[in-house]
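As the structure lists them, so they are numbered: ligands from 1, and atoms in each ligand from 1. Along the sequence shown, residues are numbered consecutively beginning with 1.
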Amino acid sequence: MPKDPEQFRATLLAYVETLRRTGRRSIRLWPGWRQALRSISIPRQEGISESLSAAQASLPQEAGPPQESIPNSLSRPSTGSPEPTDREERVRRLEALRQATAGCRRCAHLAGSRSQIVFGVGNPHARLLFTGEAPGAEEDRQGEPFVGPAGKLLTRMIQAMGLQREDVYIANILKCRPDLPPGTPGNRKPTPGEMETCLPYLREQIDIIRPEVIVALGATALEGLTGLRTGISTMRGTFLDFQGIPLLPTFHPSYLLYRPDLRLKRQVWEDLLLVMKRLNLPISERQRGFFLIPSQG
Ligand code: URA
């Protein structure tokens, strides 16, 4: 759950709007949301927002369990830190953060199992930042995010946008590979505790780079940055807000590898077209037509 009520409010309203557009008239409130709803005001509107206001009004007034505040010197102060004034300052801060994370042992089990920290890669002045979930085996080996099979697909997606990997910034919610019992193949999803512990690093990276758009690749990235545990299929293609930066959720490239379906590819591509539009990047007719299903053409 976002700690900042304004961010929570913006995220919730975007979520409600998505539900409204897709014809839904009810919303599932997680316990944490009930707690947070007490502290924000929701405008009275037709449809779902109205029932949200009602839900808010009918919430019991007794205080819930106190929200544990995670002590962390890396999280952005609520007043907002000054924006980096020049490019050198941005590079300096990013490098300082990289060095600060290099020996991180906040999750002792991950520190013990990783080969190295996978900090992030790309342009410190990027207008576009992609975040995934956590390093896989190849990323852990090379120390760079998205260099395995899903990463190769992400690179092709970036190139399809007319960009290079070096133009954007690529990071993950978790900087360590989630451990698995020795000999177990594959990856595992980070636990909520691991995410909460590691997220201040990504928040700080975003604070330094101040990209114009963030793309959250997959449900874990969406949950990490917004607190939303709604399915990625519901939220993809809708711009949300992360501390004033438009955030677009879309499917994770590994999902596309797992389900090589042209419709899914087109959905992701349409999301990336929205990002290109938001960034005023040129879009050719050819690009507009990528992954079009013949009957759509
Ligand atoms: N999947 C991710 O989420 N991140 C990576 O770096 C690689 C695969």
Side-chain angles (χ1 to χ4, degrees), residues 94 97-98 101-102 104 107 110-111 113-124 126 128-159 163-180 184-206 209 211 213-226 228-229 231-233 235-236 242 247-260 264-265 267-268 271-272 275:
L94 208 51
L97 181 63
R98 177 195 293 281
T101 59
C104 180
C107 305
L110 299 186
S113 64
R114 72 181 180 224
S115 304
Q116 55 192 314
I117 292 267
V118 180
F119 177 71
V121 70
N123 187 342
L128 176 58
L129 182 144
F130 289 90
T131 182
E133 178 174 303
E138 197 51 35
E139 289 78 18
D140 177 67
R141 210 175 58 75
Q142 295 192 34
E144 183 171 329
F146 282 100
V147 287
K152 290 194 170 44
L153 178 55
L154 176 64
T155 304
R156 290 209 302 276
M157 285 155 60
I158 293 168
Q159 289 167 345
L163 302 170
Q164 299 299 322
R165 252 174 100 93
E166 298 71 34
D167 295 323
V168 304
Y169 197 86
I170 306 173
N172 278 309
I173 298 288
L174 232 62
K175 304 290 182 241
C176 293
R177 177 165 196 231
D179 58 339
L180 285 168
T184 316
N187 299 311
R188 75 158 167 85
K189 185 177 161 15
T191 65
E194 290 166 347
M195 283 164 66
E196 195 65 45
T197 305
C198 204
L199 262 166
Y201 291 131
L202 178 60
R203 291 202 193 101
E204 184 75 4
Q205 284 173 300
I206 294 172
I209 297 166
V213 174
I214 298 170
V215 174
L217 298 165
T220 305
L222 171 65
E223 181 183 340
L225 290 183
T226 66
L228 284 175
R229 280 197 234 152
I232 188 78
S233 323
M235 295 311 291
R236 62 147 282 271
F242 179 79
L247 178 145
L248 193 84
T250 194
F251 292 121
H252 193 287
S254 60
Y255 183 59
L256 296 182
L257 293 177
Y258 175 69
R259 280 194 55 193
L264 286 180
K265 285 188 186 145
Q267 284 181 329
V268 171
D271 296 342
L272 296 182
V275 170

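- If you look at Glu133 next to ligand 1, the close heavy atoms, those under 4.0 Å, come from the backbone and the side chain alike.
- Residue contacts with ligand 1 include His252, since one of its heavy atoms falls under 4.0 Å from the ligand.
- Among protein heavy atoms, the minimum distance from atom 4 (N) of ligand 1 is reached at Asn172 OD1, 2.8 Å.
- For the atom pair Leu174 CG and Thr220 OG1, the distance stands at 9.5 Å (nearest 0.5 Å).
- Among the atoms of Phe146, some N or O lies under 3.5 angstrom from an N or O of ligand 1.
- Neither the backbone nor the side chain of Ser254 comes within contact range of ligand 1; no heavy atom lies under 4.0 Å.
- In this structure, Glu138 does not pair ionically with Lys152, as no charged nitrogen and carboxylate oxygen lie closer than 4.0 Å.
- At the top of the distance list for atom 2 (C) of ligand 1, counting protein heavy atoms only, stands Ala134 O, 3.2 Å.
- For ligand 1, the atoms sitting less than 4.0 Å from at least one non-hydrogen atom of Gly132 are 3 (O), numbered in the order shown with element in parentheses.
- Atoms CG and CG, from Leu272 and Leu163 in turn, are 10.0 Å apart once rounded to the nearest 0.5 Å.
- Using modelled atom types, one finds no donor on one side chain facing an acceptor on the other under 3.5 Å when comparing Ser113 with Asp179.
- Applying the 4.0 Å criterion to heavy atoms of Pro145 picks out, from ligand 1, the atoms 6 (O).
- Just one of Leu154, Val118, Thr155 meets the side-chain contact (heavy atoms from CB on, under 4.5 Å) condition when paired with Phe146; it is Leu154.
- For the pairing with Arg177, the side-chain hydrogen bond (donor to acceptor under 3.5 Å, both in side chains) check across Asn187, Asn172, Asp140 returns one residue only, Asn187.
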